[in-house]
Enquirer: 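The structure follows.
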Number of protein chains: 2
Amino acid sequence: MSVTTTSQPGSYHHGNLRVALIDAGVELAREGGPDAVVLREASRRAGVSHNAAYRHFADRDSLLAAVCGRCMSALARLMEKRIAQAAPASDDGLKGARRRLRATGTAYVEFALTEPGWFRTAFAVPAELHYLAGDEGLGESGLGPLELLGAQLDAVVKAGGLPPKRRPGAEFTAWSAVHGLAMLLIDGPLRELPQPERDAALEHLLDTITRGL
Amino acid sequence: MSVTTTSQPGSYHHGNLRVALIDAGVELAREGGPDAVVLREASRRAGVSHNAAYRHFADRDSLLAAVCGRCMSALARLMEKRIAQAAPASDDGLKGARRRLRATGTAYVEFALTEPGWFRTAFAVPAELHYLAGDEGLGESGLGPLELLGAQLDAVVKAGGLPPKRRPGAEFTAWSAVHGLAMLLIDGPLRELPQPERDAALEHLLDTITRGL
DNA sequence: GACATATGTTGACAGCGGCCACATGATCTG
DNA sequence: CAGATCATGTGGCCGCTGTCAACATATGTC
């Protein structure tokens with residue numbers, strides 16, 4: 001997350017302005033969500049005049065889209081991490097698969113609660129630019145959050161924990177559930193819910209989905 | 001949704017500026033979501049100078065909060081309508097209760113898809129003002145969306161369709177699921193999903209929740 | 001060395017939120 | 001009825017933003 005500069009300080013050309021602007025934008029998003037990703041402030045933080053950004057981004061939405069991709073990647077990486085921690089990769093039994101599936105959901109909500117600015121930004125992709133270029137929004141495995149969830153569901157099916165007939169569409173339902181809970185908790189009417197009840201709501205939700213799938 | 005003016009046109013005092021501003025804000029929200037609820041444009045549409053609004057609202061967020069309440073009410077009213085249509089009020093059997101519960105969810109998503117601007121605005125209550133005053137955000141029955149959902153769940157329990165032990169927390173799970181689906185469909189990565197798959201996703205989600213609760 | 005291109009700067013404009021001083025009209029009081 | 005008082009609306013100003021146009025500087029190429 002550090003700003004990397006390849007040119008000398010004080011030189012006319014920045015040398016790495018594009019990524020420096022995205023870095024600054026990511027920091028702004030962390031502090032204040034998508035609305036805080038602002039061209040002038042990002043330029044300021046990159047140590048550059050307010051118009052230099054236009055050499056690298058068509059407009060503010062273009063920068064925001066890049067920042068959104070970074071945030072989505074951060075979500076994917078936390079999910080990968082928690083999935084790996086949930087059970088050793090060698091454990092390909094049903095128990096391990098279920099643990100990993102559950103970890104996928106908890107990681108999603110954990111990310112939303114610990115980095116609400118990033119979480120909100122991850123889903124604030126400007127309407128016209130929702131094709132994130134190339135590897136935008138992916139984790140280290142090359143999978144995005146939805147693919148990671150799908151992979152865990154596939155594993156549960158493979159381990160016999162879910163009839164294959166039930167598999168199609170399951171990721172949308174599971175995703176919707178955790179996404180909705182996250183939104184309601186960070187921005188929505190549940191934002192005042194005390195911590196124990198938040199945990200209970202998440203457990204209840206995961207139990208219900210697991211049973212219902 | 002019409003602007004009601006009690007004073008003569010051209011008179012110095014508007015006579016009903018507060019509600020006129022909210023009306024204008026509601027229209028702006030419909031067109032462009034919460035970010036489009038802007039003091040100056042609302043004032044313009046109310047036929048008043050850009051500063052008159054400050055006699056009725058402390059700041060932009062204050063107006064936005066009022067608009068959010070209106071949007072939440074609109075959601076509640078559509079839910080009430082669809083609940084009433086799902087089964088005659090006389091039908092207090094399990095089948096009727098289940099129909100009404102399902103209608104609660106479909107109405108929620110229907111509202112989000114048909115009035116995305118209002119839907120997003122309903123949940124964009126400014127952080128500091130999330131105490132909506134008095135009857136803000138309620139439907140004609142005096143219940144808000146969450147209470148309406150809770151009432152349907154209670155009815156299902158009463159009709160024997162859900163063990164009372166399973167009731168606590170169920171509204172959060174059900175709410176999260178439909179809310180998440182709505183968000184992913186209108187703003188999120190599912191916004192390009194074709195209509196048939198949208199319907200299928202909603203059916204799948206409601207089935208899963210119903211089974212799992 | 002001269003030119004072309006990529007990159008960064010300065011200056012300008014409009015729209016926004018928010019404050020101030022002021023104007024106008026309604027209402028209350030004697 | 002007349003004057004005071006208060007509520008409400010106006011106009012001007014500031015700083016912030018995005019965006020455009022014109023200009024400046026560095027880099028690379030013949």
Side-chain angles (χ1 to χ4, degrees), chain A residues 3-25 27-29 31-68 121 124 126-129, chain B residues 3-25 27-29 31-68 121 124 126-129:
Chain A
V3 176
T4 49
T5 309
T6 56
S7 66
Q8 308 309 319
S11 79
Y12 192 88
H13 281 64
H14 184 285
N16 207 11
L17 185 51
R18 186 186 166 85
V19 305
L21 285 169
I22 299 178
D23 286 339
E27 187 49 33
L28 289 171
E31 297 164 8
D35 291 349
V37 179
V38 138
L39 271 180
R40 287 176 113 103
E41 179 61 23
S43 304
R44 226 170 279 138
R45 294 190 181 197
V48 101
S49 101
H50 66 273
N51 252 331
Y54 285 93
R55 301 297 171 186
H56 301 275
F57 299 97
D59 51 18
R60 181 213 169 234
D61 276 357
S62 189
L63 168 62
L64 178 57
V67 173
C68 292
T121 306
E128 305 78 11
L129 304 170
Chain B
V3 176
T4 50
T5 309
T6 56
S7 65
Q8 307 309 320
S11 79
Y12 193 88
H13 282 63
H14 183 285
N16 208 11
L17 185 52
R18 186 185 167 86
V19 304
L21 286 169
I22 299 179
D23 286 338
E27 188 50 33
L28 289 171
E31 297 165 7
D35 291 349
V37 179
V38 136
L39 271 180
R40 288 176 112 101
E41 179 61 22
S43 303
R44 225 170 279 137
R45 294 191 182 197
V48 102
S49 102
H50 67 271
N51 255 330
Y54 286 94
R55 301 296 171 185
H56 302 275
F57 299 96
D59 52 19
R60 183 214 169 233
D61 276 357
S62 189
L63 169 62
L64 178 57
V67 173
C68 293
T121 307
E128 305 77 11
L129 303 171

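Chain letters run A, B, ... following the sequence lines, proteins first, then strands; residues in each count from 1.
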Enquirer: Looking at every non-hydrogen atom in both residues, tell me the closest pair between A:Phe57 and A:Ala66 and how far apart they are.
Expert: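 Residues A:Phe57 and A:Ala66, closest heavy atoms: CE2-CB, 4.1 Å.
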Enquirer: Not counting sequence neighbours, list each pair that qualifies as a salt bridge (Lys or Arg N to Asp or Glu O under 4.0 Å) and has a residue in residues 32-44 of chain B.
Expert: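 Sorted pair list: B:Glu41-B:Arg44, B:Glu41-B:Arg45.
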Enquirer: B:Arg44 or A:Asn51: which one's nearest nucleotide on DNA chain C is closer to the 5' end?
Expert: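 Residue closer to the 5' terminus by nearest nucleotide: A:Asn51.
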Enquirer: Without decimals, in angstroms, what is the distance between A:Asn16 CG and C:dT7 C1'?
Expert: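 Whole-Å distance recorded here is 13 Å.
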Enquirer: What are the two closest heavy atoms between B:Leu21 and B:Ala46, and how far apart are they?
Expert: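 Looking at all heavy atoms of both residues, the shortest contact is CD2-CB, 4.1 Å.
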Enquirer: Send over the distance from A:Leu63 CG to D:dG18 P, rounded to a whole Å.
Expert: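 Rounded to the whole Å, the gap is 9 Å.
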Enquirer: Let me know the distance between CG of A:Leu21 and C1' of D:dG18, rounded to the nearest Å.
Expert: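 About 15 Å, once rounded to whole Å.
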Enquirer: Could you say whether B:Leu17 or B:His50 is positioned toward the 5' end of DNA chain D, judged by the nucleotide with the nearest heavy atom to each?
Expert: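 Checking each residue's closest nucleotide, the 5'-ward one belongs to B:Leu17.
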Enquirer: To the nearest Å, how far apart are A:Arg40 CZ and D:dC20 P?
Expert: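 Value for this atom pair: 13 Å.
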Enquirer: With a 4.0 Å cut-off on heavy atoms, is B:Arg18 in touch with a base, just the backbone sugar-phosphate, or nothing at all?
Expert: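 No contact at all - B:Arg18 keeps every heavy atom at 4.0 Å or more from the nucleic acid.
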Enquirer: In whole angstrom, give the distance that lies between atom CZ of A:Arg45 and atom C1' of D:dT17.
Expert: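 One finds 15 Å between C1' of D:dT17 and CZ of A:Arg45, rounded.
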Enquirer: Please report the shortest heavy-atom distance between B:Ala53 and B:Leu39, naming the atom on each side.
Expert: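 Closest pair (atom of B:Ala53, atom of B:Leu39, distance): CB-CD2, 3.7 Å.
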Enquirer: Where do A:Ala42 and A:Leu63 come nearest, in terms of heavy atoms and distance?
Expert: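 Scanning both residues completely, I find the closest heavy atoms to be CB-CD2, 4.3 Å.
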Enquirer: Output the rounded distance in Å from CG (B:Leu28) to C1' (C:dG15).
Expert: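 Value for this atom pair: 14 Å.
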Enquirer: With rounding to the nearest 0.5 Å, note down the distance linking CZ in B:Arg55 to CG in B:Leu17.
Expert: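 Result: 11.0 Å between the selected atoms.
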Enquirer: Could you check which of C:dT9, C:dG18, D:dT17 has an atom nearest any side-chain atom of B:Leu39?
Expert: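 Nearest nucleotide to the side chain: C:dG18.
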Enquirer: Any residue in residues 52-61 of chain A with a heavy atom nearer than 4.0 angstrom to DNA chain D? Just list them by number, or reply none.
Expert: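 Hits under 4.0 Å, by residue number: A:Tyr54, A:Arg55, A:Asp59, A:Arg60.
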